[in-house]
2 protein chains.
Amino acid sequence: MAGKAKAVTLATVAQTAGVSLATASKALNGKTVVSAATRRRVEEAARTLGFVPNHFAKALNSATTGVIGLLTADLANRFVLPILSGVENTLGVESTSIILTDARRDPIRERHQIATLLGRKVDGIIVVGHSDDARPSLAELLPVGATYAFAPSTSTADASYLSDNYEGARLAIDHLVEGGRRSIAVLTGDPTYNAAKERLEGAVRAARRHGLEIVGPANAYGDWSEEWGRYGAESLLQGRDEFDAVFCANDQIARGVVDVLRDYGREVPHDVAVVGFDNWELYSSHSRPPITTIDMNLEEVGRLAALGLAAAIAGEPPSGITRVAPRLVPRASTAGSKQ
Amino acid sequence: MAGKAKAVTLATVAQTAGVSLATASKALNGKTVVSAATRRRVEEAARTLGFVPNHFAKALNSATTGVIGLLTADLANRFVLPILSGVENTLGVESTSIILTDARRDPIRERHQIATLLGRKVDGIIVVGHSDDARPSLAELLPVGATYAFAPSTSTADASYLSDNYEGARLAIDHLVEGGRRSIAVLTGDPTYNAAKERLEGAVRAARRHGLEIVGPANAYGDWSEEWGRYGAESLLQGRDEFDAVFCANDQIARGVVDVLRDYGREVPHDVAVVGFDNWELYSSHSRPPITTIDMNLEEVGRLAALGLAAAIAGEPPSGITRVAPRLVPRASTAGSKQ
DNA sequence: TTGAAAGCGCTAACAA
DNA sequence: TTGTTAGCGCTTTCAA
């Protein structure tokens with residue numbers, strides 16, 4: 001720990017530049033009233049003295065503090081990280097700081113953290129959920145702006161940003177159909193999740209647009225695990241329907257499917273093409289073969305939530321649900337065209 | 001966005017409690033000089049008015065601000081999350097806030113962020129690396145305390161906290177030997193990483209302590225991928241040495257090994273036991289069979305880094321490298337005793 | 001045990 | 001275009 005740096009204040013800067021405190025303040029804050037020469041002198045002085053403005057003093061007489069709160073429901077969740085990253089990258093580091101909190105799925109903890117954030121006088125809050133299931137609005141509790149990322153608010157007056165499951169499923173199905181697949185099965189996830197429903201529904205709709213029906217058992221729900229993927233694949237293999245493709249609602253399911261197909265001597269992608277969801281990179285790109293998947297573009301979700309909050313802080317609060325288009329990440333599990 | 005809450009200030013509280021500003025301040029800050037009755041009255045007033053102290057005003061005349069900076073090298077890295085979580089959970093939410101930054105492995109960006117954090121008058125900084133390879137000390141640049149998590153500082157004057165790879169390897173080898181394994185092979189990771197070297201070395205040492213030598217090729221280095229695990233396993237199968245266990249330097253390698261053993265009809269754990277490293281839960285616990293692994297206890301690393309920083313802030317800066325003991329997470333891949 | 005008053009470092013009227 | 005002055009909300013001497 002180096003010695004305590006004696007803080008250089010604006011007063012010192014003003015003094016060395018030979019101007020008043022007020023003028024120095026104006027010069028450094030880009031106010032137009034100061035002459036170019038004065039500004040140069042002040043900036044020079046600030047630079048040589050290594051002046052760093054004290055944000056606390058600044059915040060004390062400004063309407064805004066340049067700090068926003070990130071209220072995450074579950075920091076350990078692997079989906080929140082890209083969102084954080086998107087937020088962090090969007091807000092200018094110099095102008096805005098992020099205070100991070102983790103409610104650990106505990107509503108009581110969440111209340112506490114909101115109080116803390118408000119005590120820190122954050123300009124706004126980005127509420128990051130742990131799935132894309134809707135969550136109660138915080139509008140009543142908050143005297144500041146807020147946007148919701150991943151888990152949308154139940155109130156449409158709030159601005160929510162999440163990935164578009166329907167569109168993701170459509171991308172997957174279109175890709176399979178373009179590859180010549182006509183008999184597509186679907187294995188979706190835990191039916192208590194929106195994502196499981198929407199990805200299945202999106203697939204059914206997209207298939208119909210091509211004049212196709214999804215093959216295989218009507219009840220394609222399971223959970224989000226490899227085990228379910230393996231079980232589902234075996235069921236399909238033992239079922240009466242032929243299939244040349246499987247769309248899975250996440251990468252783990254897809255991994256299970258790919259592994260079982262391999263065990264049974266079905267070649268992927270030659271005999272059966274497989275598409276996953278989530279683009280859990282380290283996971284889906286190292287299987288045999290690597291799995292084509294849908295990336296939710298969660299960084300973009302974070303980016304939009306940050307921009308939305310910035311707008312809200314600027315006095316123009318957005319509202320409604322914005323669905324971010326996912327993208328297809330093609331890999332070997334769907335390579336080549338069938339026939 | 002609800003209406004702007006007119007902030008309740010200490011002055012209002014003092015007024016309703018019928019005391020002076022100064023007394024109210026003392027009462028709320030636990031100063032002993034105030035009488036119990038007065039304190040009760042002030043607290044009562046504060047509660048009913050919903051008084052929340054303004055941290056900026058507070059920080060303006062205190063030595064500390066109750067804010068610390070988290071300087072992460074790479075937020076997208078999956079190892080930093082548990083560390084963040086450990087830090088977040090350790091610092092009292094009410095008393096300390098965390099400002100999050102992400103340098104994205106860019107030293108220039110890192111400099112900027114340090115400047116920003118110092119501008120925010122953080123009481124200290126926790127530097128979180130993206131691997132356990134040492135990183136340059138920041139002591140020269142920082143007028144405040146700092147601790148290093150995961151990636152230790154190159155300076156022993158700094159306090160660094162990381163997981164103990166040697167101990168992790170020892171746990172794995174001991175566990176295998178206790179299970180009756182005598183011919184243990186090792187597949188480690190990318191030789192440019194400390195972790196790869198230390199885990200291999202730890203395994204060799206631990207084996208010798210049992211009077212055993214590691215079997216298989218001397219050059220056990222590869223990278224951190226499933227592909228390397230598969231390749232390494234095939235090499236072992238085709239080699240001349242018999243082996244009844246494989247210790248892998250991460251879960252991906254272990255997964256590759258398990259999959260190939262399965263392909264070749266070797267039963268895990270009956271014929272060959274497998275241990276991974278990192279406890280990447282969602283990954284290692286869903287393979288066939290689920291993989292025994294070493295958990296680095298990164299939350300604990302975060303916790304200690306936070307406590308160390310708290311000590312530094314309190315004027316007692318710790319120093320040196322603290323290695324956190326990992327723990328074994330037993331799963332099916334080593335179940336039962338051989339023999 | 002309480003209160004009056006002086007700042008913390010800065011911004012924002014207002015005056016010059 | 002520049003400077004003077006009054007706070008922002010709080011803590012902290014120092015007196016009472």
Side-chain angles (χ1 to χ4, degrees), chain A residues 4-43 45-46 49-67 94-95 118-123 143, chain B residues 4-43 45-46 49-67 94-95 118-123 143:
Chain A
K4 263 249 165 339
K6 160 94 80 242
V8 180
T9 74
L10 227 205
T12 326
V13 175
Q15 202 176 349
T16 44
V19 297
S20 78
L21 225 193
T23 305
S25 169
K26 286 170 200 155
L28 257 23
N29 286 301
K31 294 279 197 286
T32 48
V33 285
V34 275
S35 73
T38 312
R39 159 156 307 130
R40 237 190 316 280
R41 242 174 336 121
V42 175
E43 280 169 349
L49 290 170
F51 170 69
V52 181
N54 182 327
H55 278 267
F56 294 94
K58 241 176 150 137
L60 206 49
N61 8 231
S62 316
T64 62
T65 57
V67 182
E94 2 255 294
S95 57
L118 295 179
R120 300 283 181 193
K121 292 278 177 288
V122 293
D123 294 335
Chain B
K4 264 247 162 346
K6 161 92 80 244
V8 179
T9 73
L10 226 207
T12 326
V13 175
Q15 203 177 347
T16 43
V19 297
S20 77
L21 225 191
T23 306
S25 170
K26 287 167 197 155
L28 257 24
N29 286 302
K31 295 277 196 284
T32 47
V33 283
V34 275
S35 74
T38 309
R39 159 156 307 132
R40 235 192 313 283
R41 246 179 326 127
V42 174
E43 281 170 347
L49 290 169
F51 170 69
V52 181
N54 182 327
H55 278 266
F56 293 93
K58 245 180 146 133
L60 206 49
N61 12 230
S62 317
T64 61
T65 57
V67 182
E94 3 254 293
S95 58
L118 295 180
R120 301 284 182 194
K121 292 277 178 286
V122 293
D123 294 335

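As the structure is a computational prediction, the values presented were derived from the model and not from experiment.
- Nearest heavy atom pair, residue B:Leu49 against residue B:Val13, reads CD1-CA, 3.8 Å.
- With sequence neighbours left out, the side chain to side chain contact (heavy atoms under 4.5 Å, CB included) criterion links B:Glu43 to B:Leu28, B:Arg39, B:Arg47.
- Here A:Thr16 pairs with nothing under the side chain to side chain donor-acceptor pair (under 3.5 Å) rule; sequence neighbours left out.
- Of the inter-residue distances, the one linking A:Thr65 atom OG1 with B:His55 atom NE2 reads 12.0 Å to the nearest 0.5 angstrom.
- Proximity of A:Thr23 to the phosphate of D:dG3: a side-chain N or O atom is located under 4.0 Å from OP1 or OP2.
- The nearest whole Å value for the distance from the NE2 atom in B:His55 to the C1' atom in D:dC8 is 16 Å.
- For B:Phe56 against A:Lys121, the heavy-atom pair with the smallest separation is CE1-CB, 3.4 Å.
- Taking the side chain to side chain contact (heavy atoms under 4.5 Å, CB included) definition, one finds that A:Leu21 meets it with A:Leu10, sequence neighbours left out.
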**Message:** So if I define the base as every atom that isn't primed, P, OP1 or OP2, how would nucleotides 5-16 of chain C read as a B/S/- string at a heavy-atom cutoff under 4.0 Å?
**Reply:** --BBBBBBB---

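- Across its full length, the helix from C:dT1-D:dA16 to C:dA16-D:dT1 shows an angle of 40° between the axes of its 5 terminal pairs at either end, rounded to 10 degrees.
- Residues forming a side chain to side chain donor-acceptor pair (under 3.5 Å) with A:Thr64 (at least two apart in sequence, or on another chain): none.
- Atoms CG (B:Leu49) and P (D:dG9) sit 15 Å apart, rounded to a whole Å.
- In this structure, NZ in B:Lys26 is found 11.0 Å from OG1 in B:Thr38, a value given to the nearest 0.5 Å.
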